[in-house]
Amino acid sequence: MNVSDSDDDLYNERTALVPAENPTVPSYRPDADFSPPEDTPTARVAARGRPRPGVAGGGGSDQEADAEEEELTLKYGAKHVIMLFVPVTLCMVVVVATIKSVSFYTEKTDQQLIYTPFTENTSSVGRRLLNSVLNTIIMISVIVVMTIFLVVLYKYRCYKFIHGWLILSSLMLLFWFSFMYLGEVFKTYNLAMDYPTVAMMIWNFGAVGMICIHWKGPLQLQQAYLILISALMALVFIKYLPEWSAWVILGAISVYDLVAVLSPKGPLRMLVETAQERNEPIFPALIYSSAMMWTVGMASPADPADAQRSETDEEAEQNGLRAEPHSRRQTAPPEDELEEDRGVKLGLGDFIFYSVLVGKAAATGGDWNTTLACFVAILIGLCLTLLLLAIFKKALPALPISITFGLVFYFSTDFLVQPFMDNLAAHQFYI
Amino acid sequence: MNLERLPNEEKLGLCSKYYLGGFAFLPFLWLVNVVWFFQEAFVKPAFTEQLQIKTYVKRSALGLLLWVAILTTWITIFQHFRAEWGEVGDYLSFTIPL
């Protein structure tokens, strides 16, 4: 199957972790002064802190407020980690479940994507290695070209073109790939299904998906759809990328991610910076946002929301990247503060490549040990990346650490731990 | 999208658009409408637009039930009689069990 270009943007885009945007917000250090720290190398302070005003009111309450804020900061960090763990885990679970049950995605096929033209059915190991490296080079250059093209379009404000491109690619994912997927699932479970019912199902799934992702819809449904299309994309990659090429591509794309997000001229960094300068959210079709609104104590009178809620996991979306009215009440009683937090955003490309790694481990690895090891490795990497995000407070690449850990764990588990465990079991030796 | 942060007119607008969109053979959209606006329509204390939102939610629920009935009937008929229909059955089939 020749996969067309239009589905590229989902994975060459935004493989980065972006903190919530609030350009006017000062750092969230407990003892902050409220001007952006001048020593940060980047001009913007994309902090997702809460500006706890110097609580006017008893002097003795200052220290308590500080300690409280410190504790709140830590709890806040953990919550975000969990809020990203859940979707990443769900995506991987969907992919692994499909791989293990529907054999279509693990069947050997001679069809390859046009981006990986070199076959791996060669006789010698050296030749195979060379072919996989060549495939990787082609794939990465395609991704680089697409990303630069996207950034150029964004810089010159060709929004219509970008939207059209995104809509086409999500159309293809939501309709064509899910149609294929549904067909394979029915074949696996040997169910009879008629065209009218299938047409209804795919039409409903796809149309509501388009509405939720590109227009307005409930946040949880949008998140679910983004997870599903990432899983579908990952499955396509797992099926059509040849074995060794897939691993080399995973490694290469983490390096590319690192370069593209951190280096000053990197395309992804320019994309994020331009979006922040213009105070616009990055296209919702490319980013998963785990937005959360946190109301502490009484809401301000201007807020139509219900008062007296101590904590609500509301969906605060879409325009969430704009500078929200960060109401910092200088009033004496601290309960009159309304604090909001926009959550952390993770690019869909990250979901896709995490799932590709775990899916490949499930498809070709020994057994569940390998899969679980890769899964844990990726989550640990994500944790570390979020920690770094909390420290550096600017967009970070989410792929390198996780993929490195994942690759290390995959190869070591497959080649060292697995035979070790098998031997122990064979000799009934328990440790 | 946080419904809490929208003014009431916009909520009504959204609800009505979802309701109208469901007529394009999209019972799933009606389901989303019912679930999403249920709290607004029936649980929240009254506000001006609530009556209209209530009607939309009720009609979406009706439409949804109708579609569920139609689809269930058709699926039952198809699954039961598929083998007997011979060629027509195969023509209609997307997947045929072995």
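Below, read A as the first sequence line, B as the second, and so on, with proteins coming before strands; counting in each chain starts at 1. Note that the structure is a prediction, hence the values are computed from the model and not measured.
Atoms CG and CG, from A/N204 and B/L29 in turn, are 8.0 Å apart once rounded to the nearest 0.5 Å. For the atom pair CZ (B/R82) and CE (A/M193), the distance works out to 10.5 Å, reported to the nearest 0.5 Å. Note that CD of B/Q79 and OG1 of A/T197 are 8.0 Å apart. Values are rounded to the nearest 0.5 Å. In this structure, CH2 on A/W215 lies 5.0 Å from CG on B/L14, to the nearest 0.5 angstrom. Note: B/W74 CH2 to A/M200 CE = 13.0 Å, rounded to the nearest 0.5 Å.
Both the backbone and the side chain of B/P27 come within contact range of chain A, judged by heavy atoms closer than 4.5 Å. For B/F25, the parts lying under 4.5 angstrom from a heavy atom of chain A are both the backbone and the side chain.
At most 12 heavy atoms of other shown residues, nucleotides or ligands fall within 6.0 angstrom of atom CG in B/L51. A/E107 CD: more than 12 foreign heavy atoms inside a 6.0 Å radius.
Listed by first then second residue, pairs satisfying salt bridge (Lys or Arg N to Asp or Glu O under 4.0 Å) with a partner in residues 176-194 of chain A read A/E184-A/K187, not counting sequence neighbours.
Here A/L191 is the residue among A/L182, A/L221, A/L191 with the most heavy-atom pairs under 4.5 Å with chain B.
Without hydrogens or angle criteria, A/W203 side chain to B/A24 main chain gives a donor-acceptor distance under 3.5 Å.
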Please lay out, stage by stage, how A/F179 and B/F94 fare under the test ring-ring contact (aromatic ring centres under 6.0 Å, His included). CA-CA 11 Å; A/F179 177 69; B/F94 173 49; 5.1 Å; yes
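Shown here for A/P218 and B/Y18, the closest heavy-atom pair between the two residues is CD-OH, 4.1 Å. Minimum heavy-atom separation, A/A207 to B/L26: CB-CD2, 3.6 Å.
In this view, B/F42 and B/F38 satisfy the ring pair (Phe, Tyr, Trp, His ring centres under 6.0 Å) rule, not counting sequence neighbours.
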